[in-house]
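Heavy-atom basis, side chains included; hydrogens, waters and symmetry copies ignored.
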Amino acid sequence: MGRILAETHPDAHCELDFRNPLELAVATILSAQATDKKVNEVTPKVFAQYPTAADYAAADRAELEVTLKPTGFFRNKTDSVMKLGQQLVERFDGEVPGNLPDLVSLPGIGRKTANVILGNAFGVPGITVDTHFQRLVGRWRWTAETDPVKIEHAIGAMFDKRDWTMLSHRVIFHGRRVCHARKPACGACTLAKLCPSYGTGPTDPVQAAKLLKGPRAAQLAEAVGVDPSVVPQQAFAADVP
């Protein structure tokens, strides 16, 4: 299944835009209860106004709240990024640390966020157990664990460490584009023959292909032998939360 996921989603990557560890840390905090697309619309202005940890630490709260408002829960997020900036300045010379214990000690950064930062900004392999990852590994019966940390360890034991970060991206891509929470595209899924939950969603290939999302929806349909013309045009630009 891991090999098929790699073939199905060769474009898998972190969908948050960033140029350095600080930007990724902030973007990940802002992504809580928001789509990556919405976060990416907001962060160019954020990163331009606050290029360093010291800038977040010294930010005008009211001004930052206005900037972050489109991402939702903006008061909590403002508090988190300001406190993050303060802690980075006070404890780490303004730099984002590149190890798990230090990262999870920072405001707004839990284990999931830390693994995102380590895997994508520092090249340190990590498994990101977000809602998509947890849902899919459960559907696939890879593990019966429900605690995110236990899931991380259970899946980590099944794959080479070097593959952890990309595996996370591929599973999350699959969850956003094919294996949806309420109505998975079972009949248009490359994992159909191996999936113990096949049939949770429509199994008719044409009907299932209409549920595919993302810029490669046509290629996803073709991968299972379905005429890509059945994929609705809006699917290509659809949000993949």
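Shortest non-hydrogen contact noted between A208 and C186 is CB-N, 4.3 Å. Pairing each heavy atom of G98 with each of V124, the nearest pair is O-CG2, 4.5 Å. Contact detail for T165 and P125: the closest heavy-atom pair is OG1-CA, 3.4 Å. For I151 against Q134, the heavy-atom pair with the smallest separation is CD1-CG, 3.5 Å. Counting all heavy atoms, side chain and backbone alike, G126 lies closest to S168 at O-OG, 3.6 Å. For the residue pair L100 and A114, the shortest heavy atom distance occurs at CD1-CB, 3.5 Å.
Using a 4.5 Å cut-off on side-chain heavy atoms (C-beta onward), L211 and P202 make contact. Using a 4.5 Å heavy-atom cutoff, the side chains of L64 and F74 are not in contact. With contacts defined as side-chain heavy-atom distances shorter than 4.5 Å, the pair L220/P228 does not qualify. At a threshold of 4.5 Å between non-hydrogen side-chain atoms, the residues E95 and L88 do not count as touching. With contacts defined as side-chain heavy-atom distances shorter than 4.5 Å, the pair P107/S80 does not qualify. Using a 4.5 Å heavy-atom cutoff, the side chains of F18 and T43 are not in contact. Using a 4.5 Å cut-off on side-chain heavy atoms (C-beta onward), R91 and S105 make contact.
Here the straight-line distance linking atom OG1 of T128 with atom CZ of F133 works out to 8.0 Å at 0.5 Å rounding. Note that CD1 of I4 is 9.5 Å distant from NE2 of H174, once rounded to the nearest 0.5 Å. The structure places CD1 of I29 at 11.5 Å from CG of N76, a figure rounded to the nearest 0.5 Å. From E15, atom CD reaches atom OG1 of T35 across 10.0 Å, with rounding to the nearest 0.5 Å. Going from atom NZ of K183 over to atom NE2 of H180 covers 10.0 Å, rounded to the nearest 0.5 Å. Atom OH of Y50 and atom CG of D55 lie 8.5 Å apart (nearest 0.5 Å).
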Item checked: Verdict with reasoning, W140 to C195, per side-chain contact (heavy atoms from CB on, under 4.5 Å) -> CA-CA 6 Å; W140 297 336; C195 182; 3.7 Å; yes

Notebook entry, point to check: Going through the distances and angles, do K213 and F236 end up as a side-chain contact (heavy atoms from CB on, under 4.5 Å)?
Noted result: CA-CA 6 Å; K213 290 183 178 180; F236 301 102; over 6 Å; no

Item checked: Step-by-step salt bridge (charged side-chain N to carboxylate O under 4.0 Å, His left out) determination, R176 to D36 -> CA-CA 11 Å; R176 288 174 166 173; D36 289 355; 3.1 Å; yes

Next item on the list: In sequence, state the C-alpha distance, the side-chain angles, and the governing distance for N120 and H13, and then conclude on side chain to side chain donor-acceptor pair (under 3.5 Å).
Entry: CA-CA 9 Å; N120 297 285; H13 62 281; over 6 Å; no

Notebook entry, point to check: Could you walk me through whether K83 and L106 pass the side-chain contact (heavy atoms from CB on, under 4.5 Å) check?
Noted result: CA-CA 8 Å; K83 287 180 177 177; L106 291 166; over 6 Å; no

Next item on the list: Test S229 against D227 for side chain to side chain donor-acceptor pair (under 3.5 Å), laying out the working first.
Entry: CA-CA 5 Å; S229 67; D227 183 349; 2.9 Å; yes

Check: Is there a side-chain contact (heavy atoms from CB on, under 4.5 Å) between C14 and L24 once you walk through the steps?
Finding: CA-CA 10 Å; C14 177; L24 181 56; 4.1 Å; yes

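Panel note: side chain N115, backbone I127; a donor-acceptor pair is recorded below 3.5 Å. When atom types are taken as modelled, the side chain of D79 and the backbone of R75 share no donor-acceptor pair closer than 3.5 angstrom. Distance alone, capped at 3.5 Å, is enough to place a donor-acceptor pair between the D60 side chain and the A62 backbone. Although no hydrogens or angles enter the test, the distance criterion places a donor-acceptor pair under 3.5 Å between the side chain of R141 and the main chain of R139. Remark: the backbone N or O of N99 is not paired with any side-chain donor or acceptor of D102 at under 3.5 angstrom. Not a single donor-acceptor pair under 3.5 Å links the side chain of D163 to the backbone N or O of F159. With hydrogens and angles ignored, the 3.5 Å screen pairs a side-chain donor or acceptor of D147 with a backbone N or O of V149. In terms of modelled atom types and a separation under 3.5 Å, the side chain of W142 and the main chain of I155 share no donor-acceptor contact. Under the 3.5 Å distance criterion, the side-chain polar atoms of K77 are matched with a main-chain donor or acceptor of L30. The backbone N or O of A34 sits nowhere less than 3.5 Å from a side-chain atom of S31 that would complete a donor-acceptor pair.
In terms of hydrophobic clustering, with Ile, Leu, Val, Met, Phe, Trp and Tyr side chains grouped at heavy-atom distances under 4.5 Å, V178 and L167 are assigned to different clusters. Tracing side-chain contacts under 4.5 Å through hydrophobic residues (I, L, V, M, F, W, Y), one never reaches F73 starting from Y56; they form parts of separate clusters. Taking hydrophobic clusters as Ile, Leu, Val, Met, Phe, Trp and Tyr residues chained together by side-chain heavy-atom distances below 4.5 Å, M1 shares a cluster with V171. If you chain together hydrophobic residues whose side chains sit under 4.5 Å apart, L16 and M166 never meet in one group. When the side chains of ILVMFWY residues are joined at heavy-atom separations under 4.5 Å, either directly or via intervening members, V96 and F92 end up in a single hydrophobic cluster.
In this structure, E63 does not pair ionically with K69, as no charged nitrogen and carboxylate oxygen lie closer than 4.0 Å.
Applying the 6.0 Å contact sphere to CD of E41 captures more than 12 heavy atoms from other residues, nucleotides or ligands.
The closest side-chain donor-acceptor pair between T190 and T8 falls under 3.5 angstrom.
A cation-pi arrangement, defined by a distance under 6.0 Å to the six-membered ring centre and an angle within 45 degrees of its axis, is present between R177 and F173.
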